[in-house]
Amino acid sequence: MTRTATPAAQRPLFAQFADVIDHALDALERAGTLPPGLARGAVTCEPPRDAAHGDVSTNAAMVLARPAATNPRALAERLIAELTRDPRVTGAQIAGPGFINMRLDAAAWRDELRLIAAAGDDYGRSALGGGSVVNVEYVSANPTGPMHMGHCRGAVVGDALASLLAFAGHRVIREYYINDAGGQVDVLARSVHLRYREALGEAVGAVPEGLYPGDYLIPVGAALAQEFGAIYAAAPEADWLVPFRTRAVAAMMVMIRDDLARLGIHHDVFASEADLHAAGKPAAAEAWLRDHDLIYDGLLEAPKGKVAEDWEPVALPLFRSTRFGDDQDRPIRKSDGSWTYFGADLAYHFQKSANADALVNIWGADHAGTVKRIKAAVAALTGATGQSIPFEIKLVQMVQLLRDGQPVKMSKRSGTFVTLADVVDEVGRDVVRFTMLSRKPDAQMDFDFAKVVEASKDNPVFYVQYAHARVQSTLRKADLAGLTASVAALDRLGDEELALIRLAAQFPRVIEGAAAAREPHRVAFFLYDLAGAFHAYWNLGNDRPDKRFIVADDNGLTGARLFLAAQIGQVIRNGLALLGVTAADTL
RNA sequence: GCGCCCGUAGCUCAGCAGGAUAGAGCACCAGAUUCCUAAUCUGGGGGCCAUGGGUUCGAAUCCCGUCGGGCGCACCA
């Protein structure tokens, strides 16, 4: 979703002032105060830590003083002379070690409020990504059963990240890699064959060790009995393995897509590992890597430091991942000649890189051990051809489920896992999604069933949604009284109202920062802060009716306050949309 | 043994590509409030940012060591 840059006058305030600072530096260059061509990447344009210091702050003088062979304060004075030419700047001071703090005319904030209204759902949208294509691969759960809570965090974080990147100006491909070619899907096929025989009336007894025991395979077996009759009941595995596997995987993917839909997640591309093999992609990658001496036939070493009594070295084709920082070289094929997971994954990433400018993978922390090898493979395959593309793997840490303060135990083998569908049904999509985004992904987190559904201000999901609902209920109430939002008397908004605008105006910066860092949780924390500020303002009205949004006998002020409320609601709505959380009108 | 992640207030966590006096919620303390602006409100105390070094004008943030917790470590996926 590319979007051309809006005219400068319509850009968010802090983006405009980044330009103001940039132009001021240009002027100093022309005047000879600054040497030409200094790197300005570290120059900031942000609100001061303490609002009492002003509205916009920059560290430009501190960052550029040294390369300009001057001192920060001297440079700051020259810079201030330029900056104060902007009519919106009503004052500027040097503070601390060389910060420049500018104070803006209140009209600048009223303009920002108008901008929010004009941009609407697009307020905060950025051209930062420049239309470059980012492939975000997430979920990619094995197609052997329903989604369980172990998949949940990565699914939500990946989905929110994809939305965030799209909002920040990237074209985004949401991709799911189906591991439909390994040993696990053969196990699935055998498990389904058992259910098939069961559906034909055979007494199969308990599901044997090593097969998937879940009831969700019963209908799959029944469908196969319907389709094939009894022809495969006593047939050798070689006869039915492939057709059973194909149908079982398809059935699992229907189930998984349904689970994902409950969370509001829809991928653009489902890439099949089996298709990859059928197209000869791993072999092609191997040939290329062998030509470049990155694969050799060697002996697989014992894992480092671990005691392996019965270790026997095996001759295997190994990828030289140690050249890229891995601990040891990794096999791409097994001793029977079939591909390892890594061998196929390597080819898969090469395939993805052909259709994107950057790759992002969302993985569970339990896969941390394989990060180095796959990054090595991508570096080898794309770097050596001069097509090196950025490739990031974001690890999401474990989630501990708690019920009544006690950890909920999960065992995949016995089938006693907590399914995603059950949790979404129990606590709701919004709660699941917001909670998963309410912590930075690289920290572990608890998911306490009791706490996440609590409808109080202690619950961030509720707190943010409640702020939006308050906005909407106020607008409804005003509407019934024949009152409407209006910009006619915006200049009657006072300091408390302007403070709210100042915070809301951070949204575009939060978006760009979060997108650049690939950290959607920042949006959630911002919304919590904005909701908090809104509630605090609302509470002023408890004791002071003159601070309410609807002020009796003052339609001008009421119109301005309603306009403010509507825009705060707009920003909350835009943020929640990125997180995939409903902006409810009532609670 | 090795690799990755984490360690910030009593608890749960933020801290935005190194910046100003380290923030929020809960809990605690002190007030207000029974109000439909309705799932309370206002204010306050509380920190050696695990620890020892290093880098520089400046470090919770970057680098190295130590301690503590989590995850992982064969041709599984």
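Chain identifiers are assigned alphabetically (A, B, ...) following the order of the sequence lines, protein sequences preceding nucleic acid strands; residue numbering begins at 1 within each chain.
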Distance-only polar pair, side chains of [X] and [Y], donor-acceptor under 3.5 Å:
X         : Y         : result
Glu273(A) : Tyr348(A) : no
Ser126(A) : Glu512(A) : yes
Gln184(A) : Asn142(A) : yes

N-O pairing of Glu286(A) and Arg290(A) below 4.0 Å: yes
Would you kindly give the [atom1]-to-[atom2] distance between [X] and [N], to the nearest whole Å?
X         : N      : atom1 : atom2 : answer
Lys372(A) : C2(B)  : NZ    : P     : 13 Å
Glu512(A) : A17(B) : CD    : P     : 12 Å
Ile374(A) : A77(B) : CD1   : P     : 15 Å

Hey, does Thr370(A) reach any base, or is it just sugar-phosphate, or nothing, if we go heavy atoms under 4.0 Å? base
So Asp326(A), base contact, sugar-phosphate only, or nothing? Heavy-atom distance under 4.0 Å. nothing
Once you measure the plane-to-plane angle for [X] and [Y], does it fall in the parallel (<30°), tilted (30-60°) or perpendicular (>60°) bin?
X         : Y         : answer
Trp538(A) : Phe534(A) : tilted
His148(A) : His151(A) : tilted
Phe167(A) : Phe507(A) : tilted

All side chain to side chain donor-acceptor pair (under 3.5 Å) counterparts of Ser57(A), not counting sequence neighbours: Asn101(A)
From CZ (Arg73(A)) to CG (Leu79(A)), nearest 0.5 Å: 13.5 Å
Reckon His521(A) has a side-chain N or O less than 4.0 Å from the OP1 or OP2 of G15(B)? yes
Can you find an N or O donor on one side and an acceptor on the other, under 3.5 Å apart, linking the side chain of Asp180(A) with the base of A77(B)? no
Once hydrogens and angles are ignored, does a donor-acceptor distance under 3.5 Å link the base of A77(B) to the side chain of Thr340(A)? no
P atoms of A22(B) and U61(B), separation to the nearest Å: 15 Å
Spacing of the C1' atoms in G68(B) and U51(B) (rounded, Å): 11 Å
Is there any protein nitrogen or oxygen under 3.5 Å from a nitrogen or oxygen in nucleotides 54-58 of chain B, and what are the pairs?
from   : atom 1 : to       : atom 2 : distance (Å)
C57(B) : OP1    : Arg66(A) : NH1    : 2.8
C57(B) : OP1    : Arg66(A) : NH2    : 3.4

If you pin Arg509(A) and Gly183(A) to their nearest nucleotides in RNA chain B, which one's is more 5'? Arg509(A)
So if I take every side-chain heavy atom of Ala365(A) and compare against C71(B), A77(B), C4(B), which nucleotide ends up nearest? C71(B)
Which residues share a side-chain contact (heavy atoms from CB on, under 4.5 Å) with [X], sequence neighbours left out:
X         : answer
Arg49(A)  : none
Phe342(A) : Phe319(A), Arg330(A), Ile332(A), Thr340(A), Leu346(A), Arg373(A), Ile374(A), Ala377(A)
Asp554(A) : Arg492(A), Val551(A), Leu557(A)

Side chain of Arg509(A), backbone of Phe14(A): donor and acceptor closer than 3.5 Å? no
Between Lys440(A) (side chain only) and His521(A) (backbone N and O only), is there a donor and an acceptor less than 3.5 Å apart? no
Listed partners of His535(A) passing ring-ring contact (aromatic ring centres under 6.0 Å, His included), at least two apart: Tyr463(A), Tyr466(A)
Is Arg320(A) positioned over the aromatic face of Tyr296(A), cation under 6.0 angstrom from the ring centre and no more than 45 degrees off axis? yes
Dot-bracket, 5' to 3', for RNA chain B please: Watson-Crick or G-U pairs under 3.5 Å, [ ] where pairs cross earlier ones, | where the partner sits on another strand, dots elsewhere. (((((((..((((.....[...)))).(((((.......))))).....(((((..]....))))))))))))....
Dump the pairs, protein N or O against N or O of nucleotides 5-10 of chain B, anything under 3.5 Å, distances to one decimal.
from  : atom 1 : to        : atom 2 : distance (Å)
C5(B) : O2'    : Asp442(A) : O      : 2.6

So if I define the base as every atom that isn't primed, P, OP1 or OP2, how would nucleotides 31-41 of chain B read as a B/S/- string at a heavy-atom cutoff under 4.0 Å? ------BBB-S
Taking only residues at least two apart or on different chains, which pairs with a member in residues 59-69 of chain A satisfy side-chain hydrogen bond (donor to acceptor under 3.5 Å, both in side chains)? Thr44(A)-Asn59(A)
Under a 4.0 Å heavy-atom cutoff, the residues of residues 314-324 of chain A touching RNA chain B are Val314(A)
Stacking check His53(A) vs A20(B) (5.5 Å / 30 deg): yes
Run the ring-ring contact (aromatic ring centres under 6.0 Å, His included) check on Phe447(A) and Phe449(A) step by step: do they pass? CA-CA 6 Å; Phe447(A) 185 95; Phe449(A) 282 93; 5.5 Å; yes
Write down the protein N/O and nucleotide N/O pairs, taken from nucleotides 59-62 of chain B, whose separation is under 3.5 Å; answer none if there are no such pairs.
none

